[in-house]
Participant: 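Take a look at the following structure, please.
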2 protein chains.
Amino acid sequence: MSPRKSDATRRRLLDAATTDFAAHGIAGARVDRIAAAAGVNKAQLYAYFGDKLGLFGAVFRLHADAVVDAVPFTADDLPRYAVRLYEAAIERPELVRLATWAKLEGVVTDNLVTESSAVTVKLQAIAEAQRGGRVTASIDPQDVLALVLAMALTWSAAGLSATAAPDDPPKAHTRRKQALAQAVSGAFRGDQSLNG
Amino acid sequence: MSPRKSDATRRRLLDAATTDFAAHGIAGARVDRIAAAAGVNKAQLYAYFGDKLGLFGAVFRLHADAVVDAVPFTADDLPRYAVRLYEAAIERPELVRLATWAKLEGVVTDNLVTESSAVTVKLQAIAEAQRGGRVTASIDPQDVLALVLAMALTWSAAGLSATAAPDDPPKAHTRRKQALAQAVSGAFRGDQSLNG
DNA sequence: ATTTTCTAACTAACTAGTTGGTTGGATTTT
DNA sequence: AAAATCCAACCAACTAGTTAGTTAGAAAAT
């Protein structure tokens, strides 16, 4: 039951694959490059993960779980959730890049962040916050979540605007986080009626 | 001075390239496939556009111009601008896909929608609306524009949520557009003080 | 001794980009 | 007007290198 050597090999492959898939996408990633970076023979890669897409799937699941575990959802405080997401997307941009590529390359049918079981919980929490008047009830929970996500990832690798980097001046981060919090706060405010 | 035959060839190449680049990205696109789809010999493609990246650049510029021409910017009515963008992104999703891929594949240094000269005009219009109290002054014009863009493209090919399609039920489009307009309206409202 | 983990070498198909030459219509020459 | 010349547009076939995926067997662990 000691940690088998193959587990370390697997791990090294996943790390190298994360880097390569995040940098180049599925079509652009190179199996040889991944194997070389991991210091693992290519045949091992195929033994563990079946094929290139299987490897991508493993990488994707790994990081999706990490983000869900790391960023707690607070339906009663959406601005805070948005800011947490902003920070996570900057510190570890891999998942956003992987997800964006997966979507563009069509390896998922429709939505991918929105289809996991963790999303159901979030939607229910939003609905509850709406009943309590803490989030506007005139926007569907699905759209609330989608918009918060989009706003939080405005400056991420998925966004079309300038991408934020960890080494940006602290003032820039603060400015964006305040803008984000204020915008999210105003967008879903529950105690007033607005017409579009 | 009659329209030269080569113009039609060029056009067919650009059309085919748009489809292929939008569908598969730069690395995923295939020069042979594009030439075949256009009914044009591959050597012509290289004669006209230099190389694969040159072709991508031509395709990208073509669609970027089309969108800037088609979607007028109204700083005094950001919700309306957002809804117009939502509609444009659904009717012709090519540009969003092309831009997203360009950003992911790193063919642009930092920002790409944000670096054109058309953006300067928009930023100035936002600043003016802020001075008039029609847009909140506590968010930098750059961030206002970035957030509006991100919100409008929430359900586009670039977003991580479910992608909207032209043949979605009209009710779904209406629901999303209302949600978008309300959220944008609340996010940048100028006549009240909100703390993040 | 036997199962598991690893590896070098291989293949068949595919890739972006090039070459050398052909076509058909317009311009110039006779 | 007929023949010679010109030229942009066109194309089949090729090159040189890369690609995902496989195989048969060595090394190591149990």
Side-chain angles (χ1 to χ4, degrees), chain A residues 1-62 98 101-102 104-108, chain B residues 1-62 98 101-102 104-108:
Chain A
M1 266 312 187
S2 65
R4 294 180 305 170
K5 192 174 175 187
S6 65
D7 286 347
T9 304
R10 234 185 109 91
R11 172 98 248 159
R12 289 209 311 281
L13 278 171
L14 284 172
D15 287 348
T18 295
T19 304
D20 217 77
F21 278 124
H24 305 104
I26 301 173
R30 294 292 170 248
V31 173
D32 289 282
R33 194 166 49 201
I34 291 169
V40 170
N41 189 274
K42 196 165 46 151
Q44 293 309 101
L45 187 156
Y46 281 93
Y48 289 140
F49 300 103
D51 60 4
K52 196 185 187 183
L53 207 62
L55 178 59
F56 177 83
V59 167
F60 184 77
R61 279 187 296 274
L62 187 74
L98 292 171
W101 249 312
L104 284 177
E105 305 205 32
V107 307
V108 283
Chain B
M1 269 308 187
S2 65
R4 292 180 306 170
K5 194 173 174 188
S6 66
D7 287 346
T9 302
R10 235 184 109 90
R11 171 98 250 159
R12 289 210 310 281
L13 279 171
L14 284 171
D15 287 347
T18 296
T19 303
D20 218 76
F21 278 124
H24 304 105
I26 301 174
R30 294 293 170 248
V31 173
D32 290 281
R33 195 166 49 200
I34 291 169
V40 170
N41 189 275
K42 196 167 42 153
Q44 293 310 103
L45 187 157
Y46 282 93
Y48 289 140
F49 300 102
D51 60 3
K52 196 185 185 182
L53 207 63
L55 177 58
F56 178 82
V59 166
F60 184 78
R61 280 187 295 273
L62 187 73
L98 292 171
W101 249 312
L104 284 176
E105 305 205 34
V107 307
V108 284

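Convention: sequence-line order gives letters A, B, ...; per-chain numbering from 1.
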Participant: So, B/D20 side chain and B/R30 main chain: donor-acceptor pair closer than 3.5 Å or not?
Facilitator: yes
Participant: Figure out the NE2/P separation between A/H24 and D/dT18, and round it to whole Å.
Facilitator: 15 Å
Participant: Is the closest side-chain heavy-atom distance between B/W101 and B/V107 below 4.5 Å?
Facilitator: no
Participant: At less than 4.0 Å, is any side-chain N or O atom of A/T9 found next to OP1 or OP2 of C/dT5? Yes or no.
Facilitator: no
Participant: Do the side chain of B/E105 and the main chain of B/I26 share a donor and acceptor less than 3.5 angstrom apart?
Facilitator: yes
Participant: Write down the distance between OH (A/Y46) and P (C/dC6), rounded to a whole number of angstrom.
Facilitator: 17 Å
Participant: Ignoring the backbone of A/A43, work out which of C/dT19, D/dA20, C/dT7 is nearest its side chain.
Facilitator: C/dT7
Participant: Both B/N41 and A/I26 contact DNA chain D. Which one's nearest nucleotide lies toward the 5' end?
Facilitator: B/N41
Participant: Please state how far atom CZ in A/F49 lies from atom C1' in D/dA20, giving the value in whole angstrom units.
Facilitator: 16 Å
Participant: Tell me whether the OP1 or OP2 atom of C/dT4 has a side-chain N or O from A/Y48 closer than 4.0 Å.
Facilitator: no
Participant: Heavy-atom distance under 4.5 Å between the side chains of B/V31 and B/L55, does that happen here?
Facilitator: no
Participant: Considering just the side-chain nitrogens and oxygens of B/R30, establish if one lies under 4.0 Å of OP1 or OP2 belonging to C/dA16.
Facilitator: yes
Participant: In whole Å, I'd like the distance from the CG atom of A/D32 to the P atom of C/dT11.
Facilitator: 16 Å
Participant: Expressed in angstrom and rounded to an integer, what is the separation of B/L53 atom CG from C/dT15 atom P?
Facilitator: 18 Å
Participant: Under 4.0 angstrom, heavy atoms only, what part of the nucleic acid is A/A29 near: base, sugar-phosphate, or nothing?
Facilitator: sugar-phosphate
Participant: Please report, rounded to the nearest Å, how far the P atom of C/dA16 is from the CG atom of B/L55.
Facilitator: 11 Å
Participant: Could you work out which one of D/dG21, C/dA16, C/dT7 sits closest to the side chain of A/Q44?
Facilitator: C/dT7
Participant: So among A/V40, A/N41, A/L45, which one has a side-chain contact (heavy atoms from CB on, under 4.5 Å) with A/T9?
Facilitator: A/V40
Participant: Let me know the distance between CZ of A/R10 and C1' of C/dC6, rounded to the nearest Å.
Facilitator: 16 Å
Participant: Using atom NZ of A/K42 as one end and atom C1' of D/dT19 as the other, report the distance to the nearest whole Å.
Facilitator: 8 Å
